[in-house]
Amino acid sequence: MEILHQSHTFPIRDRRADSLGDFKYIPDEIICTILDCLTPLDLARLACVSRRLYRCHTTLDGFSFDDGNVERKNDISAEQFHREYDGIKPVLLNGLADTWPARKSWTIDQLVPKYGDTTFKISSPLKVSMTFKDYVSYMKQQHDEDPLYIFDDKFGESAPGLLKDYTVPQIFQEDFFDVLDKNRPSFRWLVIGPARSGASWHVDPGLTSAWNTLLCGSKRWALYPPGTVPLGVTVHVDDEDGDISVDSPTSLQWWLDFYPLLADENKPIECTQLPGETIFVPSGWWHCVLNLETTIAVTQNFVNSRNFEFVCLDMAPGYCHRGVCRAGLLALDEDSLEIIEKNMPCEKENFRCLDLTKKETKARILRPQQNENGKENANGSYNVWEHDFSFDINYLAMFRNRELDHFTSPWCPDNSLGQRGLREWLSRLWVGNPGKREMIWKGACLALNADKWLDCLGKICFFHSLPFPSENAKLPVGMGSNPVSFFPFTNGKLGEPIVRDHFKDIPELVYVMDEYVVKIFAEGGPQSSIFDLGTELEFYSTLSEVNSPLKNHIPNVLASGILHLENGSYNIDSWDGKKVPDVIRKCSLIPEKGTGDVFPFGVQSKILFTYRKDVSPENGPDDSDESTIVLLPYLITKRCKGEIFTELRNVLPWEDVLNLASFLGEQLRSLHMLPYPSFSNSDLSDFEQNREFSSANDMDMEFVSNESDIPVEWKVFVRTLMEKKKNISGRLSKRSGSIPKTLIEKAEAYLPDDFLKLLSIYEENGMKKVGKPWSWIHRDIMDDNIYMECKSCSNGIPAPTSNGGVAKSWRPTYILDFSNLAVGDSINDLIPMHLDVFRGNSDLLKQFLKSYKLSLMRKTPKQGSDDDKYGRLSYHAIIRPLRGETLKWDIWMYRCFCILHDENVLGGLFKTWKELRAAESWEEVELQVWGELNNYEGFP
């Protein structure tokens with residue numbers, strides 16, 4: 001969808017003198033005679049080059065006037081700011097930076113000696129970085145049409161001294177993203193640029209508000225209220241995930257070419273910002289900035305009580321509401337009108353554009369006589385909302401498609417937070433801000449449909465005679481299946497919240513009550529959810545049958561079932577994973593062929609379902625349920641006592657961490673020794689007859705199919721890897737510059753030319769066998785899925801000691817969250833554990849392996865030489881899959897290799913091991929991260 005500024009016919013000012021410069025004295029007849037001598041192509045080139053040269057060398061004296069219509073205030077109180085400006089209109093504030101050291105020290109001459117060798121990010125699509133002294137040299141010499149400028153959101157890391165030179169003004173200090181600490185979205189930027197540079201038209205990310213303090217130079221600002229697309233700007237809204245992109249002329253080009261075309265009543269709100277002034281930009285406002293001279297500024301975005309619900313709404317799935325928040329009613333299409341009709345059945349008379357076509361709606365909204373651009377009237381008020389559009393949260397919420405689900409709908413890539421991060425953020429706010437729960441609940445309902453899910457939870461609790469969730473448990477948590485608290489104890493006091501950006505997301509809603517935990521499986525649609533619960537129940541049954549010691553270290557299962565909405569009423573069927581419930585038969589969710597009757601939706605069926613969906617989505621099973629029945633599988637477990645390792649990581653003594661590594665070795669040994677369902681070639685025969693592989697190596701594919709001795713699960717493994725290898729360099733190149741270019745170029749050569757070599761195939765008694773273990777795998781051994789209890793406390797939770805500290809000795813007790821169980825190569829469980837729990841510490845990995853004591857690969861005579869990468873366990877680990885953040889169906893995780901990962905998992909590696917950024921080969925990366933595995937003696 002594209003939304004364009006509606007054009008109007010305005011008197012065009014004579015710009016002959018400005019355009020011709022010194023040639024303005026030549027009569028038009030002579031100029032026309034000269035132009036007649038040029039070919040059409042030369043004329044086009046002349047027009048383009050002359051205009052660009054003009055922009056490269058023009059002066060900006062004409063824009064430095066200071067009679068703008070943005071109010072200026074001195075010594076404003078917090079009460080006045082929130083009453084008159086916050087979320088209402090822009091304002092220029094004086095005095096907020098008067099006491100900052102930056103007010104005197106942030107000049108080019110003073111910053112170069114201190115930070116000349118410091119590297120800063122540059123505003124460029126190529127993600128360029130430059131040392132400050134090199135950038136200053138560029139600034140002084142350039143005559144670019146659109147000069148580069150420093151726009152660095154990590155300046156606090158590269159130049160922490162700059163953070164000491166200013167403080168956030170008191171009126172902007174309420175910021176709800178603060179609870180995310182170091183893992184909050186980008187929010188502050190150092191901005192340095194020469195004359196003619198600047199930011200083109202945009203709305204700040206996530207509908208956050210912003211303040212910008214200028215320390216040096218002067219800036220020209222232009223602003224339009226929400227819903228008013230500036231002339232020359234096109235807004236693109238993706239109708240799948242709601243992604244917003246804006247096509248806009250450069251700041252200088254807009255001021256020179258578009259601004260003069262505007263009638264006075266359609267010009268933006270504008271002002272010139274001077275040193276020491278702070279401008280406030282409310283949520284949703286369009287703005288464009290032009291540097292009139294060399295400028296230095298600092299800016300921060302924030303979420304406060306006034307814009308919180310708007311930020312939450314912007315993260316709700318769908319596209320209509322996101323388009324309307326930025327482009328007003330111009331963003332409406334026929335589907336949008338249907339959404340509004342569903343959301344406001346009793347208020348249609350109040351929305352007078354419903355029966356108009358999109359074209360008619362545009363014409364109606366953009367009547368020239370309306371003062372739609374928010375110009376200030378004589379009485380000093382902004383007359384912004386004369387037409388039907390209103391930047392009011394209740395009004396905008398009508399455009400949200402409530403039928404779209406937070407878990408099954410596409411997630412917008414430009415959202416401020418991921419799905420898991422959103423749930424975690426709201427949970428932390430809920431726990432830490434009891435006085436603002438009414439507001440937080442409204443935001444959670446907008447972003448998550450929290451009211452719908454709480455209703456489902458209440459029905460589950462009633463069915464099983466469990467107490468209804470307390471006030472603290474009304475929102476789903478964002479971390480693992482059983483977090484106890486969100487704030488760790490540090491020196492006997494409540495410490496800072498710990499939040500991290502994992503590789504994973506959580507495929508279900510997790511509600512934590514006083515004594516139990518409820519997981520509602522929701523992600524991926526009804527079939528995926530049924531398979532997830534069915535597999536988990538099969539696993540628990542297997543634990544009991546063989547009396548595995550692992551069962552003593554997982555939460556006790558209290559109940560499981562399926563909540564289903566049919567004909568407007570909710571019903572619940574208990575389900576232990578065995579047989580096919582009647583409600584599933586009604587939805588035509590029949591398990592895959594070739595599976596047993598005991599657990600029809602167990603791991604074997606899940607693998608076949610996943611294989612069809614991942615490898616051949618065009619021929620795979622359709623997970624869309626066309627019936628009117630809504631299925632929500634759920635699992636209830638006992639709540640564990642103690643603390644999550646996440647919250648103890650920074651206070652545990654080294655001895656306890658070593659004990660944890662040993663504990664994980666013992667439990668994964670038990671997990672990987674469990675019996676698992678076998679597979680047969682007939683399980684895939686029907687599908688394979690209709691499947692045409694598009695692999696670049698059809699001979700290898702045919703060879704794999706003809707290898708009758710190779711177990712079917714390994715055949716699927718190899719075939720999938722062949723598919724995923726295609727266009728690997730292109731995919732890696734799109735990953736935000738986190739991966740060195742030299743490694744991207746070498747990725748395809750580093751991956752196996754024949755994936756069968758990964759299987760360590762050997763012959764025994766004339767039969768080919770795979771020399772790698774196949775087992776149940778957890779896939780999410782991460783620090784928020786490990787529970788520990790205090791050794792000296794009967795209930796596992798420590799009390800503060802007499803000296804103000806907490807109990808110092810802890811023991812691991814439970815492994816949580818088996819929602820993503822699968823069967824596959826055992827080494828897959830080591831990857832998230834080593835990277836997330838051990839943080840790459842080779843001593844902890846060594847301690848783990850001492851307790852694990854199982855083979856990870858058979859060492860054949862052909863392997864083991866220094867030049868044979870297939871004989872190195874480290875090689876198998878570096879290309880081994882990790883679980884994707886949004887694609888949870890990766891049964892063997894082969895979809896998400898460290899290298900072939902659909903998400904940017906490799907970025908995490910290069911962030912943890914910064915020295916890897918200088919690596920010249922994948923072998924260097926492999927040995928740095930996984931080299932300790934090569935010393936493992938766990939070979940048969």
Side-chain angles (χ1 to χ4, degrees), residues 1-7 121-128 146 148-149 151 153 185-187 189 197-208 210 222-254 257-258 268 281 283-289 301 310-311 313-333 335-336 358 362 389 391 396 399-401 404 409-419 422 730-731 733-738 886 902-904:
M1 181 194 303
E2 294 185 5
I3 304 102
L4 301 168
H5 183 284
Q6 184 74 18
S7 298
K121 295 181 181 179
I122 305 298
S123 62
S124 167
L126 300 178
K127 300 188 181 300
V128 177
D146 184 24
L148 300 175
Y149 60 96
F151 191 69
D153 62 331
S186 296
F187 70 105
W189 289 265
S197 65
S200 58
W201 283 106
H202 66 283
V203 173
D204 278 342
L207 298 183
T208 55
L223 305 100
Y224 280 113
T228 305
V229 182
L231 180 66
V233 174
T234 302
V235 182
H236 303 268
V237 186
D238 189 291
D239 58 8
E240 290 292 329
D241 59 20
D243 185 38
I244 302 288
S245 59
V246 176
D247 288 339
S248 171
T250 65
S251 176
L252 178 61
Q253 185 179 4
W254 188 86
D257 297 346
F258 292 90
V281 181
S283 171
W285 279 67
W286 287 91
H287 50 287
C288 171
V289 188
N301 289 63
F310 294 92
V311 173
L313 175 64
D314 203 54
M315 285 189 275
Y319 72 95
C320 178
H321 62 285
R322 291 173 58 83
V324 171
C325 285
R326 292 159 175 81
L329 301 184
L330 291 174
L332 294 182
D333 56 14
D335 293 338
S336 306
K358 187 176 181 181
K362 288 183 179 181
F389 176 76
F391 200 70
L396 296 173
F399 300 92
R400 179 177 65 103
N401 189 346
L404 295 180
S409 302
W411 192 248
C412 180
D414 68 354
N415 274 343
S416 300
L417 298 169
Q419 289 155 296
L422 172 61
R731 293 203 304 274
S733 298
K734 298 178 181 179
R735 294 187 177 170
S736 304
S738 59
T886 58
D902 291 333
E903 307 292 334
N904 192 16

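With sequence neighbours left out, Trp201 forms a ring pair (Phe, Tyr, Trp, His ring centres under 6.0 Å) with Tyr224, Trp254. Applying the side chain to side chain contact (heavy atoms under 4.5 Å, CB included) test to Val311 and every residue at least two apart in sequence or in another chain returns Phe177, Thr208, Val303, Asn307, Met315, Trp425. His287 is linked by a side-chain hydrogen bond (donor to acceptor under 3.5 Å, both in side chains) to His202, Asp204, counting only residues two or more places apart in sequence or in another chain. In terms of the side-chain hydrogen bond (donor to acceptor under 3.5 Å, both in side chains) criterion, residue partners of Ser186 (sequence neighbours excluded) are, by chain and number, Asp153. For Leu404, the side chain to side chain contact (heavy atoms under 4.5 Å, CB included) criterion is met by Pro317, Asn401, Ser409, not counting sequence neighbours. For Asp414, the side chain to side chain contact (heavy atoms under 4.5 Å, CB included) partners two or more places apart in sequence, or in a different chain, are Asp243, Ile244, Arg322, Cys412. Applying the side chain to side chain contact (heavy atoms under 4.5 Å, CB included) test to Phe187 and every residue at least two apart in sequence or in another chain returns Arg184, Gln300. By the side-chain hydrogen bond (donor to acceptor under 3.5 Å, both in side chains) test, Ser197 pairs with Asn291, sequence neighbours left out.
Across all non-hydrogen atoms, the minimal contact from Glu240 to Pro410 is O-CG, 3.7 Å. Between Phe391 and Cys325, the shortest heavy-atom distance links the atoms CE1-O, 3.7 Å. Contact record, Arg326 with Trp286: O-NE1, 2.8 Å, taken as the closest heavy-atom pair. Closest approach of Pro413 and Asp241 over heavy atoms only: CD-OD2, 3.4 Å. When every heavy atom of Phe399 is checked against every heavy atom of Leu329, the shortest pair comes out as CZ-CD2, 3.9 Å. Closest approach of Pro249 to Ser200, counting heavy atoms only: O-CB, 3.3 Å.
Formation of a donor-acceptor pair under 3.5 Å by the Ser283 side chain with backbone atoms of Leu207 is found in this model. Put simply, the side chain of Trp189 never gets that close to the backbone of Asn301: no donor and acceptor are under 3.5 Å apart. Using modelled atom types, one side-chain atom of Ser251 and one backbone atom of Val289 make a donor-acceptor pair closer than 3.5 Å.
Side chains of Val324 and Leu396 form a contact here, defined as non-hydrogen atoms less than 4.5 Å apart.
Between atom CD1 of residue Ile122 and atom CZ of residue Phe151 there is a gap of 12.0 Å, rounded to the nearest 0.5 Å.
Applying the salt bridge (Lys or Arg N to Asp or Glu O under 4.0 Å) definition to pairs two or more places apart or across chains, none involves residues 224-233.
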